[in-house]
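What follows is a set of notes on a single structure, which appears directly below.
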Amino acid sequence: METGIRRHRRLRRSESIRALVRETELTPSHLVYPIFVEAGLAGRQPIEPMPGQFRLGLDIVAEEAKELRRLGIPAVLLFGIPDTKDESGSAAWRPNGVVQEAIRRMKDANPDLVAIGDVCLCEYTTHGHCGVLAPDGSVDNDRTLPLLAQMAVSLAEAGCDIIAPSDMMDGRVAAIRAALDSAGFSQVAILSYAAKFASAFYGPFRVAADSAPAFGDRRGYQMDPANVRMAIDEVLTDEAEGADMVMVKPALPYLDVIRAVRERTELPLAAYNVSGEYAMLLAAAERGWIDRERAVHEALTAIRRAGADIIITYHAKEWAKARC
């Protein structure tokens, strides 16, 4: 055998050696768990296209917060299903809204929990779009901005630590930052869904959040999946407007975008491992086609390896439990 051959396998021959040279770290502290809170619901209601996920009633959100603390998961991303909807989504900024009340209860149960409030009107409007409508049926960008800002301030008043606008209206980060600062919440951070693509992978979420548009689609304001340079421009624009963190959504089909964004910004970078990604993996595992635990770990590691500092994922509790 030729001498001097490079033996890469020397560093793979035991788990201890593999761990010693492992390049990408994944711990519960990197994870954010998304939850859906429904007004008027008691207990848990299974979400059919997302096995193992539930809509939660306000009566059990404190229990959820305590479980996240036990698992070492530091943060939660909250979505609300209100008891009433209207054309403007006014339930989104009620002081006693379902998410506002959930934040208070979860923070009482787990004061160290980082509460991230999704800011968008799609769950609160009768038409299911992310902003108010113009007479021609399109979303009116500029009329939507003050409503998003009002929702953000309401969430901050309830104790939200981070505001996460997901609506994809132009100028929303600047509008929300100005409103938070004016209301005395300069310490509240903004995690912008900066590069949010018009994706087929959101289907299960729209069932979970009751947020499917009643007509049309969201391609007029969410990003074209074919574009990466535009994603970078979106990120840099939001950074200039005052975002403290930025996000790429979805994650697994957009690992190249995560890497490209990581190379262009120093801000903390989140990636959302969305509902369709979750449902696909579970469907394959249920059929015995893949090993569920290994596949989950590999998927989350890939997102971290691509450059994400934070992973928003429905796998968070499952992954953390497997490592307890």
Point to revise | Side-chain (Tyr314) to main-chain (Asn273) donor-acceptor, under 3.5 angstrom | key: no
**Study point:** Heavy-atom side-chain contact between Ile190 and Pro165 under 4.5 Å
**Key:** yes
Review point. Are the side chains of Glu63 and Leu56 in touch, meaning some heavy atoms are under 4.5 Å apart?
Key: no
Exercise for review: Find out whether Met106 and Ile35 are in side-chain contact, i.e. whether some heavy atom of one side chain is under 4.5 Å from a heavy atom of the other.
Suggested key: yes
Exercise for review: State, without any angle test, whether His315 and Arg292 hold a side-chain donor-acceptor pair at a distance under 3.5 Å.
Suggested key: no
Exercise for review: Write down the atom of Phe197, the atom of Pro225, and the distance for their closest heavy-atom approach.
Suggested key: CD2-CA, 3.6 Å
Review point. Between Tyr33 and Gln53, is any side-chain donor less than 3.5 angstrom from a side-chain acceptor?
Key: yes
Check your understanding: Phe215 and Tyr124: same hydrophobic cluster, using ILVMFWY side-chain contacts below 4.5 Å?
Key -> yes
Check your understanding: Is the shortest side-chain N to carboxylate O distance from Arg94 to Asp83 below 4.0 Å?
Key -> yes
**Study point:** Heavy-atom check, side chain of Leu148 versus side chain of Leu121, under 4.5 Å
**Key:** yes
Review point. Side chain of Asn110, backbone of Lys66: donor and acceptor closer than 3.5 Å?
Key: no
Review point. Is there a side-chain contact between Leu147 and Gln150, using heavy atoms and a 4.5 Å cut-off?
Key: yes
Review point. Quick check: does any side chain N or O of Thr265 sit under 3.5 Å from a backbone N or O of Val261, one acting as donor and the other as acceptor?
Key: no
Review point. Do the side chain of Thr301 and the main chain of His297 share a donor and acceptor less than 3.5 angstrom apart?
Key: yes
Practice item. Please answer whether the main-chain N or O of Leu255 pairs with a side-chain N or O of Arg259 as donor and acceptor at a distance below 3.5 Å. Key: no
Point to revise | Side-chain ion pair, Glu15 and Arg22, N-O less than 4.0 Å | key: yes
Check your understanding: So, do Pro213 and Arg218 sit near enough that their side-chain heavy atoms are less than 4.5 Å apart?
Key -> yes
Exercise for review: Look at the side-chain heavy atoms of Ile, Leu, Val, Met, Phe, Trp and Tyr, link any pair under 4.5 Å apart, and say whether Leu41 and Val37 land in one connected group.
Suggested key: no
Review point. More than 12 non-hydrogen atoms from neighbouring residues, nucleotides or ligands closer than 6.0 Å to CD on Glu23, yes or no?
Key: no
Point to revise | Backbone N/O of Met223 and side chain of Lys196: donor-acceptor pair under 3.5 Å | key: no
Exercise for review: Could you go through the side chain to side chain donor-acceptor pair (under 3.5 Å) check for Tyr221 and Asn141 one step at a time?
Suggested key: CA-CA 9 Å; Tyr221 43 100; Asn141 189 101; over 6 Å; no
Review point. Is Lys249 close enough and on-axis enough to Tyr202, meaning under 6.0 Å and within 45°, for cation-pi?
Key: yes
Check your understanding: How long is the span from the CD1 atom in Ile73 to the CG atom in Leu68, to the nearest 0.5 Å?
Key -> 5.5 Å
Exercise for review: Report yes or no: do Arg172 and Thr144 form a side-chain donor-acceptor pair below 3.5 Å?
Suggested key: no
Point to revise | Value rounded to 0.5 Å, distance of CZ in Arg305 from CG in Leu300 | key: 11.5 Å
Review point. With distance as the sole test, does Asp140 use its side chain to make a donor-acceptor pair with the main-chain N or O of Arg143 at under 3.5 Å?
Key: yes
Check your understanding: If you measure from the Lys or Arg side-chain nitrogens to the Asp or Glu carboxylate oxygens, is any gap between Asp244 and Arg177 under 4.0 Å?
Key -> yes
Point to revise | Distance-only donor-acceptor check, side chains Ser88 and Ser90, under 3.5 Å | key: no
Review point. Can you list every ring pair (Phe, Tyr, Trp, His ring centres under 6.0 Å) pair that touches residues 74-110, not counting sequence neighbours?
Key: Phe36-Phe79, Phe79-Phe205
Review point. With a 4.5 Å heavy-atom cut-off, do Gln100 and Leu155 have their side chains touching?
Key: yes
Practice item. Check the surroundings of atom CD in Glu286: do more than 12 heavy atoms from other residues, nucleotides or ligands lie under 6.0 Å from it? Key: yes
Exercise for review: Kindly check if the number of other-residue, nucleotide or ligand heavy atoms within 6.0 Å of CD (Gln187) is above 12?
Suggested key: yes
Check your understanding: Should Ile310 and Met245 count as side-chain neighbours, where that means a heavy-atom distance under 4.5 Å?
Key -> yes
Exercise for review: May I ask whether Ile312 and Leu26 are part of the same hydrophobic cluster, defined by side-chain heavy atoms of I, L, V, M, F, W, Y residues being less than 4.5 angstrom apart, directly or through others?
Suggested key: yes
Review point. If two hydrophobic side chains count as joined below 4.5 Å and joins carry through other members, does Val207 share a cluster with Met50?
Key: no
Review point. Does Arg264 CZ have over 12 foreign heavy atoms under 6.0 Å away?
Key: no
Check your understanding: Near Glu87 CD, under 6.0 Å, is it more than 12 heavy atoms from other residues, nucleotides or ligands?
Key -> yes
Study note, to complete from the structure: When rounded to the nearest 0.5 Å, the distance separating CD of Glu241 from CG of Asp238 is 5.5 Å
Exercise for review: Look at the side chain of Glu277 and the backbone N and O of Pro250, then say whether any donor-acceptor pair between them is shorter than 3.5 Å.
Suggested key: no
Review point. Salt bridge or not for Lys321 and Glu318, using N-O below 4.0 Å?
Key: no
Review point. Under the 3.5 angstrom rule, does the side chain of Arg105 hit a backbone N or O of Leu58 as a donor-acceptor pair?
Key: yes
Check your understanding: Ile60, Leu71: one ILVMFWY side-chain cluster at the under-4.5 Å cut-off?
Key -> yes
